[in-house]
Undergrad: 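Mind having a look at this structure? Questions to follow.
A note on names: the letters A, B, ... follow the listed sequences, proteins ahead of strands, and every chain is numbered from 1.
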Amino acid sequence: MTESNIRYSAALIEPKWQAKWAEQKAFAAKPDPNREKFYALAMLPYPSGSLHMGHMRNYTLVDAVARYRRSKGYNVLHPMGWDAFGLPAENAAFERGVHPAEWTYRNIDNMRSEIKRVGISIDWDREFATCHPDYYKHQQKLFLEFLSEDLIYQKESVVNWDPVEMTVLANEQVEDGKGWRSGAPVERKIMNQWFFRITAFSESLLSAIEDQLDRWPAKVRTMQTNWIGKSQGAELTFQLVGRKDVLKIYTTRPDTIFGASFMGLSAGHPLAKEVAKAHPEVASFIKECEALGTSEAAIEKAEKKGVDTGLKAIHPVTGAEIPIWVANFILMDYGTGAIFACPAGDQRDLDFARKYGLPVYPIMEGSNGSGSEILDEAYTGDGKLINSDFLNGLSMSEGKARMIQWLEEKGAGNAITNYRLRDWGLSRQRYWGCPIPIVHCEICGAVPVPADQLPVTLPEDVAFDKPGNPLDHHPTWRHTSCPKCGNAAMRETDTMDTFVDSSWYFLRYCSPNASLEPLDGEAKYWMNVDQYVGGVEHAVLHLLYSRFFMRGMKQLGYVEQDEPFSGLFTQGMVTHETYQASDGSWLAPEEVRQVEGRWEDLDGNDVSVGPTIKMSKSKRNGVSPMDIIEAYGADAGRWFSLSDSPPERDFEWSEAGVEGAWRFTQRFYRLVQALIKGAKSGEVDVGNPALKGMHRLSNDVAAAIEDFAFNRAIAKTYEFINLAEKELASINPATRYEIVRRLLITVAPFIPHLAEELWEALGESGLVCKASWPEINEALLVDDSVTLPIQVNGKRRDQISVPKDMDTKQIEMLALQTEGVRRTLAGAEPSKIIVVPGRIINIVV
RNA sequence: GGCCCCUUGGCGGAAUUGGUAGACGCUGCGGACUUAAAAUCCGUUUCCUUUAUCGGAGUGCCGGUUCGAGUCCGGCAGGGGCUACCA
């Protein structure tokens, strides 16, 4: 039927159609108030040098959505740009003497051409790089506006210092006490830093997770909820014995107040520092705590330690005197940096109390009596309060409410909401970032650069011959005059965290022509991003910062909504098997082969196959997208990366898999060529099974894409291809034409080049990427007859084929007469027959 | 330690949301075509029993609800993720 020797050459047809798309600006997006818009976006890539498989998977996913939405009639915006500031460019400069700008723009050129070779339907007219002054001048303007809205402030504070990157990191960029990129243990330093007041929006950022982000993965919503870390509690004021000042503490368990046996101060607490002056033991303990830092892995194992200050606080109810200790497990930057400790109800407090022989007062008894006696385990469950004066007999929540009421009446405390979220420190001591538009004047202090003097551009003549920030070493750049008083002044040499660049870029895509303002009117039309796709590693950092920025820009009147991304999808990683030679060295996939069930290297030495893990340079298990495109074509690569796993899961790349995809593209080409050969205009045969299958396919693929279930869409396509090959001879010429036309539009989101090529072969004018999704005839989606399985006592025994609207009584009768049922019943009387129309029959004996 | 998710053939995964478990693909095996190979095509691939039928078991394990459970409920085990002294 189809001739086995017909082949198509991806190397010929793919560049041909890529050129046509570019020529005709097929994907250029223009606002059109009469059409519904759809903003599809992949997370902004860092121009590291070349595309990797993770990019290819990401962009293919978004591209399939974008192409599908276009054919569904949406006005689609699908842009691309570059997160172009960042440390690797400086490292390249340091190591190889290339200027960061040169290195970056060269990488961008390369990666742009690679993305084009994948056939991603980008509107390239909107492209930008965040390292270009045309981009960062707007960011500087936004900085000044945020500053005047009090959403940015300057503060001397303890910061996370990465000794390898020689820069400060935000809390979100410290993982397990180590720098997120360098992996170096983070040190504590006190520095003057600029901060975004992200905490101004704590409640809004939290409540919108519930109210507005219903199209976000539950996992990401949970992570952000935890990160914001809202807790309801109380702030209590303790009088101090023999002093006029008071001690404020935060607790979520005011009901445990009668179990208080000591107070705990953080080593950074002002009261602790004051005591230290006259108390060498306290002073040396504080020093010890500071030396440890917040970061050391040792903290995990670190014992609860402390020292008695000799001061005493007065219990607000009983008047008892409670000793005040400095303890190493209390954080300065959560709550007030001080606590009252109830050892019976908190494991940390209990460990501490046991170590220093402090009393333990049981205050909560569980239903089985647990909690009334405390040994080595604190009782944290609910129950009835005991030994607690007027709280006795109340539950935890009743006790909290009653105690807060009491505190408020006596003026000794009040209910308070606390968040774990901290403000976002944005200063970085690096060259390759957006300059902070501030001038430091000895007389006027920190003075904003006036808007008409923007941008503050980076100097190009910088040296990378010594570590640290080249801006500090530049002979002239930092010297300027104060915009206010005109005296000699110094520029801020810190630059902005690169996460600032990516916190509003999705808005800038909407306004490619605005040169004076960050945004023009187009943003109102395009926002929000309808479908955002990227890796889950940005669940807290980038996605939280962007949500903050959006709120700031709303406050400034740039946008109307709080949330930037209506729909979010987080894709899984691309993985590959690992290979190891006998000496333990890693081998790349192209350096090994399988011979009769065993693996060997190209010289025939044994190779052991290791676990399948994320593609990485160190394990050498990566596969280059460009090599794949060269060998099999972009369409085959796209097809494979969509076909195998659901996109939210990790995707195992294999040579056999991509070869299978390549075979499919060839088979598809052969089948469609064969169909086209016999196609002629005439009357369509509505009853043909292949035509019905085609209608069903368009319907199923549409549903699958909207569900982000590309693997299902592809399985359905295979089913149809199998059917069409079987039915080939039965399809009349007019029906062939109809099927091919529909089929090409339906698969075009996945294999766009091949679809265009065959579209042209069919004799259609224009591009398939511009064609409308096929209208579906609902009548063709249902079969006239259905096959019903028949169960006896829940076990399948036979089946019958009946007209789809057959009467229930009649179905029962037919079912009872089937051979399988009669054999199983063996004369027994059914007690009940359940007929679910169109589904199943179950006979109960 | 806390919170969350996952577990279906040799493998990736389907299953109309409580209704024929294993679609579709990959791999393997058998065969056709070919001098041969490549390519292509056909068959087969959950397990047990059987020559084949007929049958039995089966979605990590134990139990429950239901005419009917991969799907719902309770418990357990294994794997993964996030977070971590947050009072």
Undergrad: With both distances under 3.5 Å as the test, what is the Watson-Crick or G-U wobble partner of G25(B)?
TA: C11(B)

Undergrad: Of the candidate nucleotides U17(B), C24(B), U20(B), which contains the atom at the shortest distance from the side chain of Ala715(A)?
TA: C24(B)

Undergrad: Considering only distance and modelled atom types, tabulate donor-acceptor pairs under 3.5 Å from the side chains of residues 703-715 of chain A, sequence neighbours left out.
TA:
| from | atom 1 | to | atom 2 | distance (Å) |
| --- | --- | --- | --- | --- |
| Glu706(A) | OE2 | Tyr68(A) | OH | 2.4 |
| Asp707(A) | OD2 | Arg712(A) | NH2 | 3.3 |

Undergrad: Atom NE2 of His576(A) and atom P of C26(B): how far apart are they, to the nearest Å?
TA: 17 Å

Undergrad: With C1' as the reference atom in both, quote the distance from G18(B) to G70(B) in angstrom, rounded to an integer.
TA: 11 Å

Undergrad: Roughly how many Å apart are G12(B) and G28(B), using the C1' atom of each and rounding to a whole number?
TA: 16 Å

Undergrad: Parallel, tilted or perpendicular: which fits the ring planes of Phe340(A) and Phe238(A), with parallel below 30° and perpendicular above 60°?
TA: tilted

Undergrad: Taking only residues two or more places apart in sequence, or in another chain, which ones meet Arg839(A) in a salt bridge (charged side-chain N to carboxylate O under 4.0 Å, His left out)?
TA: none

Undergrad: Decide side-chain hydrogen bond (donor to acceptor under 3.5 Å, both in side chains) for Ser698(A) and Thr746(A); before the verdict, give the C-alpha distance in whole Å, the side-chain angles of both, and the deciding distance to 0.1 Å.
TA: CA-CA 6 Å; Ser698(A) 294; Thr746(A) 304; 2.9 Å; yes

Undergrad: Could you measure between the two C1' atoms, the one in U20(B) and the one in C3(B), and give it in whole Å?
TA: 40 Å

Undergrad: Heavy-atom count check: over 12 atoms from other residues, nucleotides or ligands less than 6.0 Å from Lys305(A) NZ?
TA: no

Undergrad: Any side chain to side chain donor-acceptor pair (under 3.5 Å) involving residues 345-356 of chain A? Give me the pairs, sequence neighbours left out, ordered by first then second residue.
TA: Glu303(A)-Lys355(A), Asp346(A)-Arg348(A), Gln347(A)-Asp351(A)

Undergrad: With sequence neighbours excluded, what pairs up with Glu812(A) under the salt bridge (charged side-chain N to carboxylate O under 4.0 Å, His left out) test?
TA: Lys809(A)

Undergrad: Dump the intermediate steps for side-chain hydrogen bond (donor to acceptor under 3.5 Å, both in side chains) on Glu577(A) and Tyr579(A), then the final yes or no.
TA: CA-CA 7 Å; Glu577(A) 276 183 332; Tyr579(A) 308 101; 2.8 Å; yes

Undergrad: Out of G55(B), A39(B), U83(B), which has the shortest distance to the side chain of Arg420(A)?
TA: U83(B)

Undergrad: Ignoring hydrogens and angles, write down the donor-acceptor pairs under 3.5 Å from the side chains of residues 789-798 of chain A, residues two or more places apart or on other chains.
TA:
| from | atom 1 | to | atom 2 | distance (Å) |
| --- | --- | --- | --- | --- |
| Asn793(A) | OD1 | Val845(A) | N | 3.0 |
| Arg796(A) | NH2 | Gln799(A) | OE1 | 2.8 |
| Asp798(A) | OD2 | Gly820(A) | N | 2.8 |

Undergrad: Whole angstrom is fine here: how far is it from CG in Leu788(A) over to P in G19(B)?
TA: 14 Å

Undergrad: Using the salt bridge (charged side-chain N to carboxylate O under 4.0 Å, His left out) rule, collect all pairs that involve residues 637-647 of chain A, keeping only residues at least two apart or in two chains.
TA: Asp63(A)-Arg638(A)

Undergrad: NA contact type, Asp349(A), heavy-atom cut-off 4.0 Å: base, sugar-phosphate, or nothing?
TA: nothing

Undergrad: Starting at CD1 of Ile714(A) and ending at P of A23(B), how long is that distance when rounded to a whole Å?
TA: 18 Å

Undergrad: Might you work through the salt bridge (Lys or Arg N to Asp or Glu O under 4.0 Å) test for Arg422(A) and Asp333(A), ending with a clear yes or no?
TA: CA-CA 9 Å; Arg422(A) 318 274 160 71; Asp333(A) 43 8; 3.5 Å; yes

Undergrad: Which of these nucleotides, C26(B), A87(B), C85(B), is closest to any side-chain atom of Thr252(A)?
TA: A87(B)

Undergrad: Looking only at N and O atoms, is any donor in the side chain of Lys219(A) or the base of C82(B) less than 3.5 Å from an acceptor on the other one?
TA: no

Undergrad: For Thr824(A) and Thr251(A), take the nucleotide of RNA chain B holding the closest heavy atom to each; which residue's nucleotide lies nearer the 5' end?
TA: Thr824(A)

Undergrad: Any donor-acceptor pair under 3.5 Å between the side chain of Arg663(A) and the base of C26(B)?
TA: no

Undergrad: If you measure from the P atom in G68(B) to the same atom in U50(B), how many Å do you get, rounded?
TA: 32 Å

Undergrad: Tell me what Tyr250(A) touches on the nucleic acid: a base, only sugar-phosphate, or nothing, going by heavy atoms under 4.0 Å.
TA: base

Undergrad: Syn or anti for G55(B), taking syn as within 90° of 0?
TA: anti

Undergrad: Kindly say whether the aromatic ring centers of Phe258(A) and Tyr361(A) come within a distance under 6.0 Å.
TA: no

Undergrad: To the nearest Å, how far apart are Lys795(A) NZ and G19(B) P?
TA: 18 Å

Undergrad: Taking the same atom, C1', in C24(B) and in G30(B), what whole-Å distance lies between them?
TA: 22 Å

Undergrad: Pairs under 3.5 angstrom, nitrogen or oxygen only, protein versus nucleotides 28-32 of chain B, please.
TA:
none

Undergrad: Quick one: look up who U71(B) pairs with, Watson-Crick or G-U, both distances under 3.5 Å, and put none if it's unpaired.
TA: none

Undergrad: Quick one: label Arg422(A) by what it contacts on the DNA or RNA (base, sugar-phosphate, nothing), any heavy atom closer than 4.0 Å.
TA: base

Undergrad: Mind checking the C1' distance from U17(B) to A21(B)? Whole angstroms is fine.
TA: 15 Å

Undergrad: For G80(B) and C86(B), measure between their P atoms and round to the nearest Å.
TA: 25 Å

Undergrad: Atom CG of Asp333(A) and atom P of A84(B): how far apart are they, to the nearest Å?
TA: 12 Å

Undergrad: Among U83(B), C24(B), A87(B), find the nucleotide with the atom closest to the side chain of Leu331(A).
TA: A87(B)

Undergrad: Any strand is fair game: report the nucleotide pairing with A87(B) by Watson-Crick or G-U wobble, both distances under 3.5 Å, or none.
TA: none

Undergrad: Expressed in angstrom and rounded to an integer, what is the separation of Ile790(A) atom CD1 from U20(B) atom C1'?
TA: 11 Å

Undergrad: Without decimals, in angstroms, what is the distance between Ile416(A) CD1 and A87(B) P?
TA: 13 Å

Undergrad: Does any residue of residues 699-713 of chain A have a heavy atom under 4.0 Å from RNA chain B, and if so, which ones, in number order?
TA: Asn711(A), Arg712(A)

Undergrad: Please name all residues satisfying salt bridge (charged side-chain N to carboxylate O under 4.0 Å, His left out) with Arg547(A), sequence neighbours left out, ordered by chain then number.
TA: Glu563(A)

Undergrad: Show me the protein contacts with nucleotides 67-70 of chain B, counting only N or O atoms at under 3.5 Å.
TA:
| from | atom 1 | to | atom 2 | distance (Å) |
| --- | --- | --- | --- | --- |
| C67(B) | O2' | Asn842(A) | ND2 | 3.2 |
| C67(B) | O2 | Asn842(A) | ND2 | 2.6 |

Undergrad: Taking atom C1' in both G22(B) and G31(B), compute the distance separating them and give it to the nearest angstrom.
TA: 25 Å

Undergrad: Within this structure, what is the CG-to-C1' distance between Asp346(A) and G2(B), rounded to whole angstrom?
TA: 13 Å

Undergrad: Does Phe640(A) have its ring centroid less than 6.0 Å away from the ring centroid of Phe651(A)?
TA: yes

Undergrad: For U17(B), measure the glycosidic angle (O4'-C1'-N9-C4 for a purine, O4'-C1'-N1-C2 for a pyrimidine) and name it syn if it falls within 90° of 0, otherwise anti.
TA: syn

Undergrad: I'd like a list of close polar pairs between nucleotides 8-12 of chain B and the protein, N/O only, cut-off under 3.5 Å.
TA:
| from | atom 1 | to | atom 2 | distance (Å) |
| --- | --- | --- | --- | --- |
| G12(B) | O2' | Asp644(A) | O | 3.2 |
| G12(B) | O2' | Ser645(A) | OG | 3.0 |

Undergrad: Considering only residues two or more places apart or on different chains, which pairs with a residue in residues 221-235 of chain A satisfy salt bridge (charged side-chain N to carboxylate O under 4.0 Å, His left out)?
TA: Glu203(A)-Lys230(A)

